[in-house]
Amino acid sequence: MNMTETRAVCIGGTGRTAELTLGGSSPVLIQTMWKEGILPVLADERALFSLLDKVEILRGLGCRLLRFAVPDMQSAEALCLIAEHCTMPLVADIHFDWNLALRCLEGNVAKIRINPGNIGNKERVKAVVDACREKGRAIRIGVNAGSFPADIAKRVEAKEISRAEGLALTAVREAEVFEELGFENYLVSVKASDVKETVEANEAFVKKCPHVPLHVGVTEAGPLIGGIVKSTMAFSHLLKQGIGATIRVSLSASPEDEVIAAREILSACGLYKGGIKIVSCPRCGRNGFDVHGFINRWEHKLLSMDKDITVAVMGCIVNGRGEGKHADIGITGAGDSVVIFKKGKTVRTIRHKDLNVLNKNADIAFSEELESL
Ligand code: SF4
């Protein structure tokens with residue numbers, strides 16, 4: 001499918017947040033969702049600052065937008081408090097009660113995610129749209145199989161149209177409401193938990209509304225490994241066609257894992273620029289260095305660094321240095337030692353007998369060499 005450039009949607013630029021653009025010629029941005037309730041921030045300042053610290057960790061890993069569930073008015077208050085202090089644009093996830101959206105928009109919440117299908121009549125949708133227009137905020141229309149209007153649900157049930165077609169039709173209908181209201185600062189998501197359905201629904205929507213930027217996701221994708229596999233298959237297919245302004249990998253796992261997965265998918269598709277790339281071996285019986293332990297200790301640290309380099313982590317010299325010789329820096333087991341190399345040349349050798357149980361010496365030496373790059 002030949003993709004035309006979508007409209008650009010502006011997000012942020014209020015409070016402490018910088019303005020971001022989704023769609024148009026902007027890079028695909030990563031987002032995730034907060035997985036806990038946020039009411040504790042209303043009662044305890046330490047909870048607020050701890051949450052803000054975690055947001056910074058997510059930013060370091062590549063996250064640019066963060067969504068929070070807002071199930072009640074107190075959560076809306078809590079999100080406004082977080083948005084007052086947070087430098088990342090925040091998204092309020094609203095179902096059923098449009099008043100929650102209006103309350104969030106009194107604060108610095110950058111975007112509202114609503115499902116018009118469960119917000120109620122058009123007057124309520126219009127109230128949210130008017131408030132977003134007045135305050136310069138964005139909206140995502142989130143459509144999934146649970147939100148088919150009755151007539152489309154009937155056609156899907158009768159197998160007159162597929163579920164993917166039903167999703168796309170529903171999204172087009174919702175988008176038309178926003179167009180009639182003259183509001184353009186919105187994105188759409190059409191999500192299913194099935195890869196093929198997600199791909200077909202997004203493609204069908206793009207055929208009808210090529211100018212509307214898409215938030216791409218596979219909903220309820222599953223646990224870490226299964227969810228990443230499904231998301232990768234769907235996203236790579238869509239991203240290759242230029243479909244997707246922002247992505248969320250939805251996993252029964254941490255937000256950090258979601259962000260890393262999204263980043264790796266974008267990177268493999270050639271759509272994530274900069275940052276550290278990690279090349280590591282799976283480890284086998286030849287290993288003279290605990291690759292898994294090193295990756296567990298270093299992955300988040302490395303991915304949070306503002307360096308555009310490749311790091312190789314290999315178990316042994318058999319393949320280690322050869323495979324990793326193009327890396328800017330690498331670490332590998334080598335006989336009775338662990339070797340740190342740069343562009344294939346050894347710069348440090350630490351004997352096994354000098355490694356303590358936590359590999360502290362190797363970590364310190366690696367850290368020093370990394371610092372100098
Ligand atoms: S680099 Fe060495 S330890 Fe790692 S998988 Fe290859 S042969 Fe095994």
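In each ligand, atom 1 is the first atom listed, and ligand 1 is the first ligand listed.
- Taking backbone and side-chain atoms together, Cys281 has an N/O/S atom less than 2.8 Å away from atom 4 (Fe) of ligand 1.
- A donor atom on one side chain and an acceptor atom on the other are not found under 3.5 Å apart for Ser50 and Asp53.
- In the hydrophobic clustering, Leu187 connects to Val9, Ile11, Leu20, Leu22, Leu29, Leu65, Val91, either directly or through intervening members, whenever side-chain heavy atoms lie under 4.5 Å apart.
- Between the side chains of Ser372 and Lys342, at least one donor N or O lies within less than 3.5 Å of an accepting N or O.
- Atom 2 (Fe) of ligand 1 does not have Cys284 among its coordinating residues (no N/O/S atom, backbone or side chain, under 2.8 Å).
- A donor atom on one side chain and an acceptor atom on the other are not found under 3.5 Å apart for Thr246 and Arg140.
- Shown in contact with Asn287 at under 4.0 Å from a heavy atom are these atoms of ligand 1, numbered in order with element: 3 (S).
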